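Scroll down for the structure; my scribbles are underneath it.
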Amino acid sequence: MKINKLTIRGCQYAYLDQGHGIPWLFLHGFPLDHRMWLPVVERMSSAVRAVVPDLRGFGQSEATAGVVTMAEFADDLAALLDALKIQQPAVVCGLSMGGYIAFEFYFRHKRRVAGLVLCDTRAAADSPEMAQLRQATAQRVLQEGPAFLADSMLPRLLAPVTFQQQPAIAEQLRQQIQSANPAGVAAAALGMAQRRDMQPLLSEITCPTLVLVGTEDVISPPAEMQAFAQAIPKAKFVTIPDAGHMAPLENPGLVTTAFLEFLDLVASGLEDR
Ligand code: MLT
């Protein structure tokens with residue numbers, strides 16, 4: 001798959017753009033890059049126009065020093081859609097940090113959203129302790145690079161069965177984390193620490209929404225995700241077996257099935273508009 005590059009709001013963004021149909025924006029988690037979506041994108045590219053960026057500061061996209069807020073990421077993505085001349089409403093699909101950005105995208109660019117897909121993510125803001133931990137992470141990653149994050153995060157990213165039966169996924173994630181850009185990782189960690197609490201706003205999300213989680217996710221547990229899905233008027237809640245926090249990588253077949261069913265729902269809603 002060919003990586004393209006474009007300058008968006010002063011930052012060189014790397015992204016994939018492939019397929020035809022309803023635009024579907026795939027937003028990766030922290031501190032990863034677009035590659036976490038490839039198994040699903042390969043399965044879906046005959047059904048949608050998949051736009052899969054490396055977010056500012058990740059993968060092959062340029063980093064910005066300081067803080068990058070979820071709102072800034074969301075505005076980058078609206079500018080990316082403009083640059084690609086995509087004016088038609090898109091499905092905005094984010095995993096974990098990508099989900100935090102998808103929430104912001106919805107509230108800042110509502111008319112551009114045909115449907116929202118929230119994977120393995122949280123609606124709540126950080127607790128004060130978590131926000132403090134992010135500050136420490138940002139400082140440490142700037143001093144010594146991201147390798148320590150691979151050791152601390154990896155055990156919590158995948159289901160036990162994935163470590164046993166698909167060890168290559170763990171290796172792939174370790175490699176992605178270790179090669180992440182320290183400035184980009186620090187800026188996004190500080191941005192996540194500042195993100196707003198979406199819980200009071202959930203009832204205002206009126207587009208079709210899919211809330212999806214791996215049954216073994218310990219970072220954004222199924223019970224917490226089910227509770228926030230219930231607060232979103234048109235949300236469907238789906239659990240993916242044999243998967244943890246990285247459900248789209250761990251069980252891409254079932255995730256794609258859930259996405260394609262959701263796409264039918266979104267497409268029928270667009271016909272009624
Ligand atoms: C992610 O996967 O993006 C992270 O777990 C998000 C977070 O640290 O809150």
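Just follow the structure's listing: the first ligand is 1, and inside any ligand the first atom is 1. Given the structure is predicted, the values throughout are model-derived calculations rather than measurements.
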- Message: Suppose I only count heavy atoms of G29 and a 4.0 Å limit; which atoms of ligand 1 are within that range?
- Response: 3 (O)
- Sort out for me which residue in H109, M198, R195 forms a side-chain contact (heavy atoms from CB on, under 4.5 Å) with E104. M198
- Supply the atom-to-atom distance L157 CG to L173 CG, rounded to the nearest 0.5 angstrom. 6.0 Å
- Note on the structure: Test ring pair (Phe, Tyr, Trp, His ring centres under 6.0 Å), reference H28, set F58, W37, Y15, output is F58
- Query: Which ligand 1 atoms does Y100 reach within 4.0 Å, using its non-hydrogen atoms?
  - Reply: 6 (C), 7 (C), 9 (O)
- Scan side-chain atoms only and decide if T206 and Y106 contain a donor-acceptor pair under the 3.5 Å cut-off. yes
- How does M36 reach ligand 1, if at all, at less than 4.0 Å between non-hydrogen atoms: by side chain, backbone, both, or neither? neither
- Which atoms of ligand 1 are found less than 4.0 Å from any heavy atom of S96? 1 (C), 2 (O), 3 (O), 4 (C), 5 (O), 6 (C)
- Query: Does F30 reach ligand 1 with a nitrogen or oxygen that is under 3.5 Å from one of the ligand's nitrogen or oxygen atoms?
  - Reply: yes
- For ligand 1, the portion of R122 having any non-hydrogen atom under 4.0 Å away: neither
- Message: To the nearest 0.5 Å, what is the distance between CG on D54 and CD1 on I3?
- Response: 5.5 Å
- Task: Pick whichever of R134, H245, R195, M97 has a heavy atom sitting closest to atom 7 (C) of ligand 1.
- Result: R134
- Task: Output the distance between atom CD (Q88) and atom CZ (R49), rounded to the nearest 0.5 Å.
- Result: 9.0 Å
